[in-house]
Amino acid sequence: MNKTDVSGFSKDELLQYLASLSEKTGLKIEKFRAGQIYSWLVKGVSDFDEMTNVPSRIREALKEDAYIALPKVKAKLVSKIDGTIKYLFELYDGECIESVFMRYEHGNTVCISTQVGCRMGCTFCASTLGGLVRNLTPSEMLGQVIAVEKDTGERVSNIVMMGIGEPLDNYDNTLRFLKLVNDPEGLNIGQRHISLSTCGLCDKIRKLADENLQITLSVSLHAPSQDLRAHLMPVARKFDIDELISSCRYYIEKTGRRISFEYSMIHGENDTPECAAALRDILKGMLCHVNLIPLNDVRERSYVKSSKEAIEKFSSVLEKAHITVTVRRRLGSDINASCGQLRRDSIKEEA
Ligand code: SAH
């Protein structure tokens, strides 16, 4: 397909594109059309014909030359418990991804995917089971937020990049997305309202630190020692835990921002008192926060989640050392809102 994706443009880029379209077609396209088209895209139109204040001759030229990469809702599960909505979105080429809409007191949050599949291979995660298919474009990341706002009719104020995929394995598109989503004439979501989660690509953590962004970095640690971490997460064989902690220290030093360490609690694997003590020793004195996540069951995996008691004991070891800890509340437990599973079901149905 040689058409241009207009939904990934900033307003200035759209202006430039329209100028080139005007030149190519000989059609007069006034400058203010860029603003009109841009605001339609932010509202989530999926067809140029919905842009009712744009003359049909321009809409026809756009249809010939361009497309809108807005994800289509393919399936949707709504939690009866807390209203969390899990979306299965279909992309322009038929690939599917997931996003989750959650209502918190501090505002509506969308968890977005950054890749179709994932190649990181974490042993407890559903998203990685079929490997990586492709990267998402910036417009496909943005489009998830726009499509959720359109479907719910509600404004989204926070974004977490914790869906399918490894955002730092798709670095350039992720960075471009972070700029686009910030645009006051676009979605206007500030960096302080965005969290990015990584499994620990140390070179990219350092690169990100140098970008001078205000986003919250979450790091999936899941183990306090190199051996255990490498057993759970193949990425640790490339970047060991000492290197990871040192790149996290660099990030904190450069940005002055607290890192959030994610730690999924897996029964008998990483939830022992010894693990808690080792984690405490690594993180003591660091500007950080620990988020304990009771493991979500994944059908294809044999791991079991930790007991409530084990999680409480673990968390009290950290608290005694003045490390702030929260246990993630599980929203959408009745719709299996954890990532990767809906997409896998859709692949299996088609097979
Ligand atoms: N690739 C990124 C973001 C995706 S996953 C990363 O690795 O951080 C978001 C979080 O969910 C990560 O901390 C991930 O390790 C965790 N996770 C994956 N599968 C899980 C499961 N079955 N139960 C609990 N947490 C899980």
Side-chain angles (χ1 to χ4, degrees), residues 71 74-75 86-91 93-100 111-137 140-141 144 160-171 173-174 177 195-205 217-223 226-241 244 261-267 269-270 291 293-305 328 330 332 335-351:
K74 190 169 184 196
K86 182 165 180 168
Y87 291 94
L88 181 70
F89 281 123
E90 188 178 333
L91 304 173
D93 61 356
E95 292 294 343
C96 286
I97 48 162
E98 292 173 27
S99 316
V100 185
C111 175
I112 64 162
S113 295
T114 54
Q115 294 179 314
V116 179
C118 182
R119 59 183 182 141
M120 295 297 128
C122 298
T123 56
F124 46 82
C125 181
S127 303
T128 198
L129 286 164
L132 175 68
V133 178
R134 70 169 173 89
N135 282 328
L136 292 191
T137 61
E140 287 169 334
M141 295 184 209
Q144 294 170 64
V160 293
M161 305 181 83
M162 291 189 183
I164 298 171
E166 167 51 48
L168 298 187
D169 189 37
N170 184 12
Y171 190 90
N173 288 348
T174 291
F177 160 74
S195 292
L196 182 156
S197 180
T198 176
C199 64
L201 301 179
C202 299
D203 52 342
K204 300 288 167 40
I205 292 176
L217 181 66
S218 294
V219 173
S220 300
L221 192 55
H222 304 320
Q226 172 58 17
D227 285 355
L228 182 54
R229 195 160 187 273
H231 166 71
L232 295 173
M233 305 172 74
V235 67
R237 291 178 209 142
K238 182 158 183 211
F239 298 106
D240 73 21
I241 193 162
L244 178 59
F261 287 106
E262 294 161 277
Y263 196 103
S264 295
M265 299 289 291
I266 314 175
H267 172 73
E269 291 280 335
N270 63 357
N291 197 209
I293 314 169
L295 185 83
N296 290 310
D297 295 331
V298 177
R299 273 185 308 275
E300 292 87 343
R301 308 297 205 191
S302 56
Y303 294 130
V304 177
K305 73 164 167 248
R328 184 173 294 172
R330 195 163 173 223
I335 54 169
N336 208 354
S338 49
C339 251
Q341 311 206 12
L342 205 56
R343 173 171 173 260
R344 281 199 65 72
D345 290 347
S346 86
I347 295 172
K348 276 184 213 147
E349 268 168 31
E350 276 162 21

Within the side chain of Glu98, is there an N or O that forms a donor-acceptor pair under 3.5 Å with the backbone of Ile164? no

According to side chain to side chain donor-acceptor pair (under 3.5 Å), who are the partners of Asn173, at least two apart in sequence or on a separate chain? Asn170

Return the minimal non-hydrogen interatomic distance between Lys204 and Leu168, and the atom names on each side. CG-O, 3.6 Å

Applying side chain to side chain contact (heavy atoms under 4.5 Å, CB included), name anything that partners Ala75, two or more places apart in sequence or on another chain. Leu88

Exercise: identify the closest heavy-atom pair between Gln115 and Ile97: O-CG2, 3.9 Å

For Arg328, check side chain to side chain contact (heavy atoms under 4.5 Å, CB included) against everything at least two apart and list the hits. Met162, Glu262, Asn291, Ile293

Please name the pair of heavy atoms, one in Leu129 and one in Cys125, separated by the smallest distance, quoted to 0.1 Å. CG-O, 4.0 Å

What residues form a side chain to side chain donor-acceptor pair (under 3.5 Å) with Tyr263, not counting sequence neighbours? none

Between Glu90 and Cys96, the two heavy atoms sitting closest are CA-SG, 4.3 Å

Name all residues meeting the ring-ring contact (aromatic ring centres under 6.0 Å, His included) criterion together with Phe124; count only those two or more places apart in sequence or in a different chain, and write none if there are none. His222

What distance separates Met233 CE from Thr123 OG1, expressed to the nearest 0.5 Å? 8.5 Å

To the nearest 0.5 Å, how far apart are OG in Ser99 and CE in Met141? 11.5 Å

Suppose we screen for side chain to side chain donor-acceptor pair (under 3.5 Å). Which residues come up paired with Thr198, at least two apart in sequence or across chains? Glu166

Do Ile112 and Leu136 come close enough that some side-chain heavy atom pair is under 4.5 Å? no

Would you say Leu295 and Glu269 make side-chain contact, with heavy atoms under 4.5 Å? no

Can you check whether Ser197's main-chain N or O pairs, donor with acceptor, with Ser218's side chain at less than 3.5 Å? no

Tell me the salt bridge (Lys or Arg N to Asp or Glu O under 4.0 Å) pairs involving residues 117-134, sequence neighbours left out? Asp93-Arg134, Arg119-Asp169, Arg134-Glu140

Between the CG atom in Leu244 and the NZ atom in Lys238, the distance rounded to the nearest 0.5 Å is 13.5 Å

Supply the atom-to-atom distance Arg237 CZ to Gln226 CD, rounded to the nearest 0.5 angstrom. 9.5 Å

Tell me, please, which residues at least two apart from Tyr87 pass ring-ring contact (aromatic ring centres under 6.0 Å, His included). Phe89

Considering non-hydrogen atoms only, spot the tightest contact between Gly200 and Ile205 and give its length. CA-CD1, 4.2 Å

Can you name the nearest heavy-atom pair linking Pro167 to Thr114, along with the distance? N-OG1, 3.4 Å

